[in-house]
There are 2 protein chains.
Amino acid sequence: MIENTPKLFIPGPTEVDDRVRIAMAQRVIGHRTKEMTELYGGIVEKMQKLFNTDHYVFVFTSSGSAVMEGTIRNLAEKDVLHGACGAFSKRWYEMSLANEKNADLVWADWGKAVKPEMIADAMEKKKYELLAQIHNETSTGVKNPTDEIAKIAHENDTLIAIDTVSSLGGDMIDVNKYDVVIASSQKALALPPGLAVAIVSEEAMEKSKKTRNKGYYFDFVRMLKRFEKSQQHPTTPSVPLLYAMDVQLDIMLEEGMQARYERHLKMREIVHNWVKKRGFELFAEKGYESVTVTTITNTYGISIKELNEELVRRGLRISNGYGELKEKTFRIAHMGQLTPTDIMGLLDTIDEILEAKGVY
Amino acid sequence: MIENTPKLFIPGPTEVDDRVRIAMAQRVIGHRTKEMTELYGGIVEKMQKLFNTDHYVFVFTSSGSAVMEGTIRNLAEKDVLHGACGAFSKRWYEMSLANEKNADLVWADWGKAVKPEMIADAMEKKKYELLAQIHNETSTGVKNPTDEIAKIAHENDTLIAIDTVSSLGGDMIDVNKYDVVIASSQKALALPPGLAVAIVSEEAMEKSKKTRNKGYYFDFVRMLKRFEKSQQHPTTPSVPLLYAMDVQLDIMLEEGMQARYERHLKMREIVHNWVKKRGFELFAEKGYESVTVTTITNTYGISIKELNEELVRRGLRISNGYGELKEKTFRIAHMGQLTPTDIMGLLDTIDEILEAKGVY
């Protein structure tokens with residue numbers, strides 16, 4: 001048995017409903033059976049219903065990063081523009097380089113959002129096949145104005161893929177405005193890690209059909225072909241995680257995406273109010289704060305590592321700042337299945353620890 | 001709850017021990033914790049012990065196919081030779097093409113094995129960076145003489161990767177003779193699908209360091225760098241499947257690889273004897289029969305589809321022939337956690353069905 005499993009207030013993996021975890025323990029079925037057709041076909045249908053879309057839905061057995069990389073290979077032979085504002089969106093740019101694309105970077109500084117005019121400027125100078133744009137930057141807690149950015153991309157005949165790895169299923173996103181919407185299972189979708197999702201437009205599919213050197217495993221066209229044949233995958237999918245996803249989608253549909261979004265807004269509000277009340281500061285630029293994760297400036301210079309150790313002893317875990325932001329910031333994820341009550345309990349516990357240390 | 005979960009005698013997914021399935025239902029831990037370091041570090045150590053190797057072990061969240069593709073990108077910028085003899089090894093060749101490699105194909109016909117001299121001939125004509133060689137062809141039930149083939153590859157200064165997707169953990173393979181040994185979780189390793197393994201030599205690692213355009217997610221160097229730092233993954237791994245793998249490796253170490261191999265030989269012997277006794281024929285060339293899966297020629301021209309439906313009603317599932325071999329052959333997998341008793345029960349049940357139909 002795994003020991004030490006605190007409640008997770010980290011931006012992935014997040015808390016998983018008991019019913020979802022237990023679903024994984026079921027016996028494994030063959031991936032070329034009618035049971036699999038029903039399972040995967042049902043998952044795709046539920047995803048389309050939940051996100052109110054007719055776009056294609058593909059569920060990959062991989063992390064979200066892998067689908068971010070795969071999306072680049074599907075949609076760009078050469079020229080990719082990256083709209084980035086933190087560690088994970090910068091990594092996406094590095095993925096383009098690792099695949100020898102001519103990648104350009106529009107960089108908003110740490111804590112800042114990518115603005116539509118920054119993208120417009122870059123697109124005036126050069127024609128791109130694809131804009132790879134961060135939606136919710138997990139390292140800085142910044143939400144980018146992707147709706148406006150998508151408009152600019154499309155005006156420039158450029159496809160737009162957005163990284164909603166840590167926001168889809170928590171924040172309200174109109175997936176129909178984008179060509180590819182990418183998400184990981186273990187964030188706001190509140191599944192265990194091991195799956196990633198791509199929601200793909202007809203235009204993206206047309207482009208993928210013409211793209212050379214796009215590889216095999218993440219090829220959207222190959223995924224669609226097999227799905228249209230039998231509502232199955234070209235290769236063996238992770239059966240237990242599909243069991244989990246099916247149950248979790250039922251849970252999400254029962255709550256409804258609007259109620260889910262409002263719950264996330266409420267949790268964010270509680271965290272924001274606490275930040276102000278205790279004299280911390282929001283790291284994200286005003287007006288661009290993530291709905292699912294708050295990055296908080298460590299204004300008191302406390303040891304985040306020690307704070308987290310204290311929290312873990314009490315059965316709770318938050319995140320230190322990511323990379324260069326370690327100890328300078330800390331992160332509280334308020335996403336997935338967490339509730340306002342969970343968040344209030346966490347914040348009270350942090351207060352208890354910091355008050356005992358005489359921080360405030 | 002998933003319904004209709006017959007015992008699986010198909011060449012993946014295979015039967016999973018209850019303890020392994022139940023391990024997946026545990027609470028999820030963060031992937032940047034010391035618990036993860038212990039978990040993944042322990043898995044790598046157990047893999048090295050089980051397969052008696054100091055080679056690097058990487059566990060990817062993906063299907064085996066994805067790591068087959070990734071291996072090509074790690075180890076060849078241009079010239080790849082494929083030793084193939086069935087649907088899955090041909091697919092590996094197609095993966096090279098999908099990644100714009102100059103791929104050549106040494107093709108042994110359906111049911112035949114790739115012979116060392118065929119590889120030697122091809123290597124005389126051209127210098128290759130990588131030989132991508134099938135070990136156990138899941139479609140035809142053919143085991144290829146990869147030890148001899150590896151010798152030829154190395155004499156020609158060519159790296160060799162072998163596809164043991166459906167044999168590692170069942171057949172006895174000296175992984176130290178190869179540069180990359182690739183396996184899927186859901187075959188002879190008897191895990192649920194969702195993970196894939198690469199066992200990688202120092203020489204392969206050196207080559208990967210120099211290879212351009214190898215991508216991000218499957219980059220061996222990036223995997224090693226993160227592992228050496230913290231015994232973790234560069235991106236979020238599938239935590240529940242790592243729980244499962246840890247438990248399954250304990251089960252395999254307890255049995256021991258030699259005993260496991262002998263159990264697989266015994267199961268194969270039972271199937272082979274039955275094939276002869278009942279007037280069926282082995283599809284694989286004599287002397288090259290797979291240790292983990294037997295492909296059987298449908299000499300009576302029975303409906304394999306109907307036979308399987310009858311079996312499923314009795315709680316058992318075998319495989320139809322793959323692709324072009326559908327209905328012309330059928331496949332009985334004898335791998336993973338199955339026992340001689342399971343196999344005898346299956347064969348008796350097939351006899352009961354076919355005798356009732358008056359087939360024999």
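So you know, we letter chains A, B, ... as the sequences are listed, proteins then strands, and number each from 1.
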*Any chance the side chains of A:Arg32 and A:Gln232 put a donor and an acceptor closer than 3.5 Å?*
yes

*Determine, stepwise, if the pair B:Glu69 / B:Arg73 fulfils salt bridge (charged side-chain N to carboxylate O under 4.0 Å, His left out).*
CA-CA 7 Å; B:Glu69 178 176 26; B:Arg73 296 192 77 198; over 6 Å; no

*Audit row: B:Leu338, B:Leu8, side chain to side chain contact (heavy atoms under 4.5 Å, CB included) steps and yes/no*: CA-CA 9 Å; B:Leu338 291 171; B:Leu8 298 175; over 6 Å; no

_Donor-acceptor pair, distance only, cut-off 3.5 Å: does the side chain of A:Gln248 make one with the backbone of A:Leu189?_
yes

*asked:* Is A:Pro240 in contact with chain B via its backbone, its side chain, both, or neither, using a 4.5 Å heavy-atom distance?
replied: side chain

*Top residue by heavy-atom pair count (under 4.5 Å) with chain B, among A:Pro237, A:Gly12, A:Ser238?*
A:Ser238

*Tell me, out of A:Asn4, A:Leu195, A:Ile72, who's got the most heavy-atom pairs with chain B below 4.5 Å.*
A:Asn4

*With a 4.5 Å cut-off on heavy-atom pairs, point out which of A:His233, A:Glu15, A:Glu3 contacts chain B the most.*
A:Glu15

_Short N-O contact, B:Lys305 and B:Glu309, less than 4.0 angstrom_ = yes

*Which answer fits A:Gln26, side chain, backbone, both or neither, if we ask what part of it has an atom under 4.5 Å from a heavy atom of chain B?*
both

*Contacting region of A:Ala66 [heavy-atom separation from chain B under 4.5 Å]*: both

_With chain B as the partner, which of A:Ser65, A:Pro6, A:Gly194 has the greatest number of non-hydrogen pairs under 4.5 Å?_
A:Gly194

*Please determine, among A:Leu241, A:Val16, A:Val28, the option with the most heavy-atom pairs under 4.5 Å with chain B.*
A:Val28

*Short question: side chain of A:Asp246, backbone of A:Leu242 - any donor-acceptor pair under 3.5 Å?*
no

_Quiz question: by atom type and distance under 3.5 Å, do the side chains of B:Ser166 and B:Asn136 form a donor-acceptor pair?_
yes

*Heavy-atom distances under 4.5 Å only: say whether B:Ile2 touches chain A with side chain, backbone, both or neither.*
both

*Side-chain donor-acceptor pair under 3.5 Å between A:Asp17 and A:Gln337, yes or no?*
no

*Sidechain-backbone polar pair: A:Ser184 side chain, A:Gly64 backbone, donor-acceptor under 3.5 Å*: yes

*asked:* If you compare all heavy atoms of A:Gly30 against all heavy atoms of A:Met36, which two are closest, and at what distance to 0.1 Å?
replied: O-CB, 3.7 Å

*For A:Arg317, is it the side chain, the backbone, both, or neither that has a heavy atom closer than 4.5 Å to a heavy atom of chain B?*
side chain

_Shortest non-hydrogen separation from A:Glu327 to A:Ile304 and the atoms involved_ = OE1-N, 2.8 Å

*Could you tell me whether a side-chain N or O of A:Trp92 sits under 3.5 Å from a main-chain N or O of A:Met68, the two making a donor and an acceptor?*
yes

*Within residues 94-101 of chain A, residues adjacent to chain B where the heavy-atom gap is under 4.5 Å*: A:Met95, A:Ala98, A:Asn99, A:Glu100

*Which region of A:Ile10, side chain (C-beta onward) or backbone (N, CA, C, O), has a non-hydrogen atom less than 4.5 Å from a non-hydrogen atom of chain B, or is it both or neither?*
side chain

*Which members of residues 213-227 of chain A, sorted by number, sit under 4.5 angstrom from chain B on a heavy-atom basis?*
A:Asn213, A:Lys214, A:Gly215, A:Tyr216, A:Tyr217, A:Phe218

*Without swapping roles, check the side chain of B:Gln186 against the backbone of B:Pro192 for a donor-acceptor pair under 3.5 Å.*
no

*Heavy-atom distance under 4.5 Å to chain B: side chain of A:Glu38, backbone, both or neither?*
neither

*Which heavy atom in B:Leu325 sits nearest to a heavy atom in B:Ser139, and how many Å separate them?*
CD1-O, 3.9 Å

*Are B:Thr37 and B:Gln231 close enough that a side-chain donor and a side-chain acceptor fall under 3.5 Å?*
no

